[in-house]
Number of protein chains: 2
Amino acid sequence: MDRLSLTFSALADPTRRAILARLATGAASVNEIAAPFAMSLPAISKHLKVLERAQLIARSKEAQWRPCELKAEPLREADAWIEQYRQMWEERFDRLDAYLMELQAKSIAAKAAPVKTTKTKKKKS
Amino acid sequence: MDRLSLTFSALADPTRRAILARLATGAASVNEIAAPFAMSLPAISKHLKVLERAQLIARSKEAQWRPCELKAEPLREADAWIEQYRQMWEERFDRLDAYLMELQAKSIAAKAAPVKTTKTKKKKS
DNA sequence: AACGTATTAAACCAGTTGGTTAAATACAAA
DNA sequence: TTTGTATTTAACCAACTGGTTTAATACGTT
């Protein structure tokens, strides 16, 4: 499977996303990772294997522990893919912006109270 | 299934990502969408249903055609999730930056040629 | 050597996925 | 009303997923 599909399908599970969130706060052993979940250890072990295959985590050895560490690099590619569409989901806000600006112009012309505009973050134009 | 999982798993297939890319250039009928793929029409129809359930596309009716239109909104949530990790995948570049800056400082001190620094895009700090 | 803890492997299961082909439906045009 | 075109549904299939329980493995401690 291609890297991007591998990344997205690894992210398509709430348990795995929660594991990544946990690992964002620092490396952890399998038991530590498993603790918050109402799920058997082998199930967690399988999730970790999925994350490892997607290269979202890396594992080392320390005695009988196999600590996991977050590796965010694959997310960069996923982000770049999604990024292509940012303009599209911001468009409606831009249109709303334009509409509100127009309203505002009118209200100013009519000496009425001004109208707030939505804030559209401009990133990586 | 939660919205985010729905979105990520819809994106976890190259055919579906290609369909979205096609729709980014404008609405299209099912046949038009299917044309570039070495796959039966029912297969495409199923992919479209997955995208529709994830609300990544919307469909209307026009005579016997059911044109599909891209709806990028769910990508915003996906982007926001990934966004949390941006700093982590940029860190190594920041470290590289720091290292190169240090090198440069030294080379300037030694009156040697300056060293280039990597450009790390600063988005949404 | 035996025990306890951490982790994985194996075998199993039900449900989902991604594809197929063949048949049904919806509409326009002749 | 028949025909043609666009699309979906149904039935099927193999492979994958996400979970289980039970057993194996790896290592540190006693």
Side-chain angles (χ1 to χ4, degrees), chain A residues 1-23 26-71 74, chain B residues 1-23 26-70 74 78:
Chain A
M1 192 156 48
D2 62 290
R3 277 183 57 76
L4 205 43
S5 300
L6 219 56
T7 305
F8 280 133
S9 66
L11 298 181
D13 181 287
T15 303
R16 286 195 291 265
R17 289 196 304 277
I19 291 175
L20 293 179
R22 162 67 184 82
L23 292 178
S29 74
V30 177
N31 263 307
E32 286 167 348
I33 292 167
F37 299 100
M39 196 179 298
S40 68
L41 249 120
I44 297 295
S45 194
K46 280 188 182 183
H47 281 304
L48 292 175
K49 200 182 288 182
V50 172
L51 291 170
E52 189 177 24
R53 202 161 89 91
Q55 294 173 258
L56 284 162
I57 65 170
R59 328 171 80 160
S60 38
K61 283 187 186 182
E62 253 175 63
Q64 66 269 54
W65 293 278
R66 241 130 301 183
C68 299
E69 189 192 351
L70 179 59
K71 291 286 177 189
Chain B
M1 191 158 43
D2 61 291
R3 278 183 55 79
L4 204 43
S5 300
L6 219 54
T7 304
F8 280 134
S9 66
L11 298 181
D13 181 287
T15 303
R16 286 195 292 265
R17 289 196 305 274
I19 291 174
L20 294 179
R22 163 65 184 82
L23 292 179
S29 74
V30 177
N31 262 307
E32 287 166 348
I33 292 168
F37 299 101
M39 199 179 295
S40 69
L41 249 118
I44 297 294
S45 192
K46 281 188 181 183
H47 281 305
L48 292 175
K49 199 179 290 182
V50 172
L51 291 170
E52 189 178 22
R53 202 161 88 92
Q55 292 172 259
L56 284 162
I57 65 171
R59 328 171 81 164
S60 37
K61 283 187 186 183
E62 255 176 61
Q64 67 269 54
W65 292 277
R66 241 130 300 184
C68 299
E69 188 193 351
L70 179 59

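Just so it is clear: chains get the letters A, B, ... in the order the sequence lines come, proteins before strands, and each one is counted from 1.
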Novice: Would you indicate which nucleotide in dT7(C), dT20(C), dT21(D) comes nearest to any side-chain atom of S40(A)?
Specialist: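 Minimum distance to the S40(A) side chain belongs to dT21(D).
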Novice: Let me spell it out: for each of T15(A) and A63(A), pick the nucleotide of DNA chain D with the closest heavy atom. Which residue's pick is nearer the 5' end?
Specialist: T15(A)
Novice: So, is R59(B) near the phosphate of dT7(D), with a side-chain N or O under 4.0 Å from OP1 or OP2?
Specialist: no
Novice: What integer distance in Å separates E62(A):CD from dG28(D):C1'?
Specialist: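 For the pair E62(A) CD and dG28(D) C1', the rounded distance is 14 Å.
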Novice: Side-chain contact, heavy-atom cut-off 4.5 Å: R3(A) with P74(A)?
Specialist: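 SC-SC contact between R3(A) and P74(A) confirmed.
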Novice: L41(B) CG to dA23(C) C1': how many Å, rounded?
Specialist: 15 Å
Novice: Output the rounded distance in Å from NZ (K61(A)) to P (dA26(D)).
Specialist: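 For the pair K61(A) NZ and dA26(D) P, the rounded distance is 8 Å.
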Novice: Among R59(A), R16(A), K46(A), R66(A), exactly one meets salt bridge (charged side-chain N to carboxylate O under 4.0 Å, His left out) together with E52(A). Which residue is that?
Specialist: R59(A)
Novice: Atom CD1 of I44(A) and atom C1' of dT17(D): how far apart are they, to the nearest Å?
Specialist: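 Distance, rounded to whole Å: 15 Å.
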Novice: Which sits closer to the 5' end of DNA chain C, S45(A) or M39(B), going by the nucleotide each is nearest to?
Specialist: S45(A)
Novice: Quick one: L48(A) CG to dT7(C) C1', roughly how many Å, whole number?
Specialist: 10 Å
Novice: Of the options dG19(C), dG28(D), dC12(C), whose atoms approach the side-chain atoms of K46(A) most closely?
Specialist: dC12(C)
Novice: What's the CE-P distance between M1(A) and dG19(C), to the nearest Å?
Specialist: 12 Å
Novice: Is the shortest side-chain N/O distance from H47(A) to OP1 or OP2 of dT17(D) below 4.0 Å?
Specialist: no
Novice: At what distance, to the nearest 0.5 angstrom, does CG of N31(A) lie from CG of L41(A)?
Specialist: 5.0 Å
Novice: Return the 5'-most residue of the pair A12(A), P42(A) with respect to DNA chain D, ranking by each residue's nearest nucleotide.
Specialist: A12(A)
Novice: Looking at dT8(D), dG19(D), dT7(C), which one has an atom nearest to any side-chain atom of W65(A)?
Specialist: dT7(C)
Novice: May I ask you to verify if any side-chain N or O of K49(A) is less than 4.0 angstrom from the OP1 or OP2 atom of dA9(C)?
Specialist: yes
Novice: What residue among L48(B), L23(B), I19(B), L51(B) forms side chain to side chain contact (heavy atoms under 4.5 Å, CB included) with L56(B)?
Specialist: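 That would be L51(B); it is the only one of L48(B), L23(B), I19(B), L51(B) passing the side chain to side chain contact (heavy atoms under 4.5 Å, CB included) with L56(B).
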Novice: Between dT5(C) atom P and R66(A) atom CZ, what is the distance in whole Å?
Specialist: 17 Å
Novice: In terms of side-chain heavy atoms of A43(A), which of dA28(C), dT7(C), dG19(D) is nearest?
Specialist: dG19(D)
Novice: Please give, in whole Å, the distance from dG18(D) P to R17(A) CZ?
Specialist: 11 Å
Novice: Want to settle it: does R53(B) or A38(B) sit nearer the 5' end of DNA chain C, counting the closest nucleotide to each?
Specialist: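 The answer here is R53(B).
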Novice: Would you indicate whether the side-chain heavy atoms of S9(B) and M1(B) approach each other to under 4.5 Å?
Specialist: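 Yes, their side chains come closer than 4.5 Å.
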Novice: Between N31(A) and dT7(C), does any side-chain N or O lie under 4.0 Å from OP1 or OP2?
Specialist: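 Affirmative; the distance criterion is met.
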